[in-house]
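Okay, so here's the structure we're looking at.
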Amino acid sequence: YIPMDTVQDTIVYYSSYYNDNGGFEYGYTQVSHWFLIHGFSFLQFKFLVGFFVLALMGYCVQRYIQNLSLFVLLWLPFPFLIDVIQFRNFIMFSLVLYSSIYVTRNGILPKSYGMFILYLATLFHSGAWIFFAVIPLSFFKVSKIVKLVPFMIVFSWIFGFLLYFTSLSTKFINFLSQYTASITNREVLVDRVGGIYVPRFWQIFLFWIAITMFVLMVTKIVSLGIELQENLKILKPLLLFSIVGLLVIPLVTIQWDYTRIMRNSFVFAEIIYVWKIEHSELHKKLEREQGFSFSSIIFIASYLLQAVIIYYPAEVEHIYRIINMR
C-alpha cells in the first residue's frame with residue numbers, strides 16, 4: 001500500500017507489471033506475466049511472491065541457526081527495509097541464500113543443484129552472477145580460505161584506489177559492459193554498467209571500511225570455529241558468501257548500485273553473528289580471547305556505517321513518508 005510517488009522503484013515495477021516495459025530479466029518477466037494473465041493485481045502479485053520469498057528465507061536461515069527471532073531483529077532494520085523495495089533483488093537473494101546450502105558441498109549432485117539454483121537467481125536479477133565467484137573457492141578447505149582473506153582485502157583496496165584515481169576505470173567499464181552484454185539481453189543493465197555514478201570519495205571510503213570490518217568479523221568467528229572443529233559445513237558457505245562483499249570495494253567506485261551485492265553478503269554476516277551467540281563453547285572461547293568484544297564491536301560498527309551510508313538521506317525520507325502515510 002505504499003503510495004506510488006514514494007519510491008521510484010515502485011512506479012517502475014507497477015508500470016512494468018501492466019505494460020511489460022521495464023526491460024527486466026527473463027525469470028521475473030515470466031513470473032509477473034503469469035500472475036497478470038491469471039487476473040492478479042500488482043499488489044496481489046507482490047504479496048504472494050513476497051510471502052514465498054520470506055518463507056524460503058526463513059527455511060534457509062534455520063538451516064544455519066535456530067534463533068530466527070534474533071536474526072529477524074538484526075535483519076529488519078538493515079538491509080530488509082531497502083531490499084523489500086528493490087523487489088527483484090529481494091527475490092534473487094532468497095534463491096542465492098537457498099543455493100548456499102548446497103553449492104559449497106563436496107558431492108557432485110548437491111553442488112550441481114546449488115549451481116542450478118544460483119543460475120535461477122540470475123533470471124530474477126543479474127547481480128546474482130557475482131556469487132558464482134563462490135564456486136572456485138568452494139573447492140578449497142575452510143582453513144585455506146581464511147588465510148586468503150587478508151590478501152583478498154588488500155587486493156580489493158588497491159584495485160579500488162586504481163579504479164577511482166586512474167584511467168583504468170574506463171577500460172574496466174568497457175570490459176564489464178561487454179561481459180554484461182554476453183550473458184544478458186537487458187539493454188538497460190548494459191547502459192547502467194557502462195555509466196559512472198558514484199558519491200563523494202569519503203562515502204566510498206567509509207563503505208570500504210564497513211565491508212572490510214564485517215569480513216574480518218566473519219573470518220575471526222570462522223577461525224575460532226576451525227580451532228574447535230565445530231560445524232565447519234555451516235561456517236564454510238557463510239564465510240564464502242560473506243567475502244563476496246569484498247568484490248564491491250572496487251565496483252562501487254564506478255557504480256553505486258553495486259552496493260546491493262554488499263547488502264546481500266552482509267545477511268550472511270548477520271547469520272554467522274547469530275550462530276556465534278548460539279554456541280556457548282565458542283562464545284566462552286571468544287570471551288577468553290577478547291574476541292567476543294572484538295567481533296561485537298566490529299559487527300555493530302559495520303552495521304551502523306552501512307545503514308547510515310545507504311539510508312541517509314534519501315531512504316530516511318522514504319521511510320518517514322511511509323510511516324506517516326494517511
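Numbers here are sequence positions counted from 1. Atoms considered below: every heavy atom in the structure, side chains included; atoms not considered: hydrogens, waters and symmetry mates.
Using modelled atom types, one side-chain atom of Y13 and one backbone atom of R88 make a donor-acceptor pair closer than 3.5 Å. With hydrogens and angles disregarded, no donor-acceptor distance shorter than 3.5 Å links the side chain of S15 to the backbone of V12. In this structure a side-chain-to-backbone donor-acceptor pair under 3.5 Å is missing from T104 to S138. Remark: the backbone N or O of E25 is paired with a side-chain donor or acceptor of T29 at under 3.5 angstrom. No donor-acceptor pair closer than 3.5 Å links the side chain of Q44 to the backbone N or O of F40. Listed for the K111 side chain is a donor-acceptor partner under 3.5 Å among the backbone atoms of R105. In this structure, H279 contributes its side chain and W275 its backbone to a donor-acceptor pair below 3.5 Å.
Ring geometry, Y17 versus F45: the interplanar angle falls under 30°, so the pair is classed parallel (tilted spans 30 to 60°). Below 30°, between 30° and 60°, or above 60°: for F201 and W208 the angle between ring planes is above 60°, a perpendicular geometry. Ring-plane geometry between Y28 and F87 is classed as perpendicular, the angle between the planes exceeding 60 degrees on a 0 to 90 degree scale with a lower cut at 30. The aromatic rings of Y303 and F78 lie perpendicular to each other, with more than 60° between the two planes, well past the 30° mark.
Checked against a 6.0 Å centroid threshold, the rings of Y18 and Y14 count as neighbours. For F132 and W129, the ring centers sit closer than 6.0 Å to each other. Checked against the 6.0 Å centroid threshold, Y98 and F93 do not count as a close aromatic pair.
Between F268 and L239, the closest side-chain pair of non-hydrogen atoms is not below 4.5 Å. Within the 4.5 Å cutoff, the side chain of Y311 has heavy atoms near those of the L81 side chain. When side chains are defined from C-beta on, K141 does not count as touching K236, because their heavy atoms never get closer than 4.5 Å. Under the 4.5 Å side-chain criterion, counting only non-hydrogen atoms from C-beta, Y164 is not in contact with I254. Put simply, the side chain of F71 reaches to within 4.5 Å of the side chain of V267, judged on heavy atoms. Within the 4.5 Å cutoff, side-chain heavy atoms of V61 are placed close to those of L97. Residues T219 and S223 are in side-chain contact: their nearest non-hydrogen atoms beyond the backbone lie under 4.5 Å apart. At least one side-chain heavy atom of F241 sits under 4.5 Å from a side-chain heavy atom of V103.
Between I249 and T212 the shortest heavy-atom distance is CD1-OG1, 3.9 Å. Contact record, F131 with S265: CE2-OG, 3.9 Å, taken as the closest heavy-atom pair. Shown here for V96 and A121, the closest heavy-atom pair between the two residues is CG2-CB, 3.9 Å. Residues S156 and P250 share a closest heavy-atom pair of O-CD, 3.9 Å. Pairing each heavy atom of K276 with each of S296, the nearest pair is NZ-OG, 3.6 Å. When all heavy atoms are compared, the tightest approach of P79 to E270 is CD-OE1, 4.0 Å.
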How far apart are the C-alpha atoms of M152 and L137, what are their side-chain angles, what is the distance that settles it, and do they pass the side-chain contact (heavy atoms from CB on, under 4.5 Å) test? CA-CA 12 Å; M152 295 178 185; L137 288 173; 3.9 Å; yes
Decide ring pair (Phe, Tyr, Trp, His ring centres under 6.0 Å) for F47 and F52; before the verdict, give the C-alpha distance in whole Å, the side-chain angles of both, and the deciding distance to 0.1 Å. CA-CA 9 Å; F47 178 83; F52 171 78; over 10 Å; no
Test log, rule side-chain contact (heavy atoms from CB on, under 4.5 Å), inputs F159 and L168: CA-CA 9 Å; F159 195 30; L168 181 63; 3.7 Å; yes
For a side-chain contact (heavy atoms from CB on, under 4.5 Å) check, start with the C-alpha distance between M115 and S99, then their side-chain angles and the critical distance, and finish with the verdict. CA-CA 7 Å; M115 292 174 64; S99 74; over 6 Å; no
Go through it in stages, so that I can follow the logic: the residues are V274 and L68, the test is side-chain contact (heavy atoms from CB on, under 4.5 Å), and I'd like the CA-CA distance, side-chain angles, deciding distance and then a yes or no. CA-CA 9 Å; V274 175; L68 187 60; over 6 Å; no
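Cluster membership check: M213 shares its hydrophobic cluster with V154, using side-chain heavy-atom separations under 4.5 Å among Ile, Leu, Val, Met, Phe, Trp and Tyr. Grouping the Ile, Leu, Val, Met, Phe, Trp and Tyr side chains by contacts below 4.5 angstrom, directly or via other members, places F139 with V222. Criterion: ILVMFWY side-chain heavy atoms under 4.5 Å apart, direct or through other members. Under it, F161 and W202 are part of a common hydrophobic cluster.
Checking each of I82, V49, I85, L54 against F90 for a side-chain contact (heavy atoms from CB on, under 4.5 Å) leaves exactly one that passes, namely L54.
More than 12 heavy atoms of other residues, nucleotides or ligands lie within 6.0 Å of CZ in F35, so this atom counts as buried by the packing criterion.
Distance check: I153 CD1 to I158 CD1 gives 12.0 Å after rounding to the nearest 0.5 Å. Between the CG atom in L238 and the CD1 atom in I271 there is a gap of 6.0 Å [rounded to 0.5 Å]. Rounding to the nearest 0.5 angstrom, the gap separating the CD atom in Q306 from the CE atom in M262 is 4.0 Å.
Figure legend: cation-pi geometry between K147 and F140 absent, as NZ or CZ is not positioned both under 6.0 Å from the six-membered ring centre and within 45° of its axis.
The closest side-chain donor-acceptor pair between Y64 and S100 falls under 3.5 angstrom.
Residues forming a salt bridge (Lys or Arg N to Asp or Glu O under 4.0 Å) with R263 (at least two apart in sequence, or on another chain): D83.
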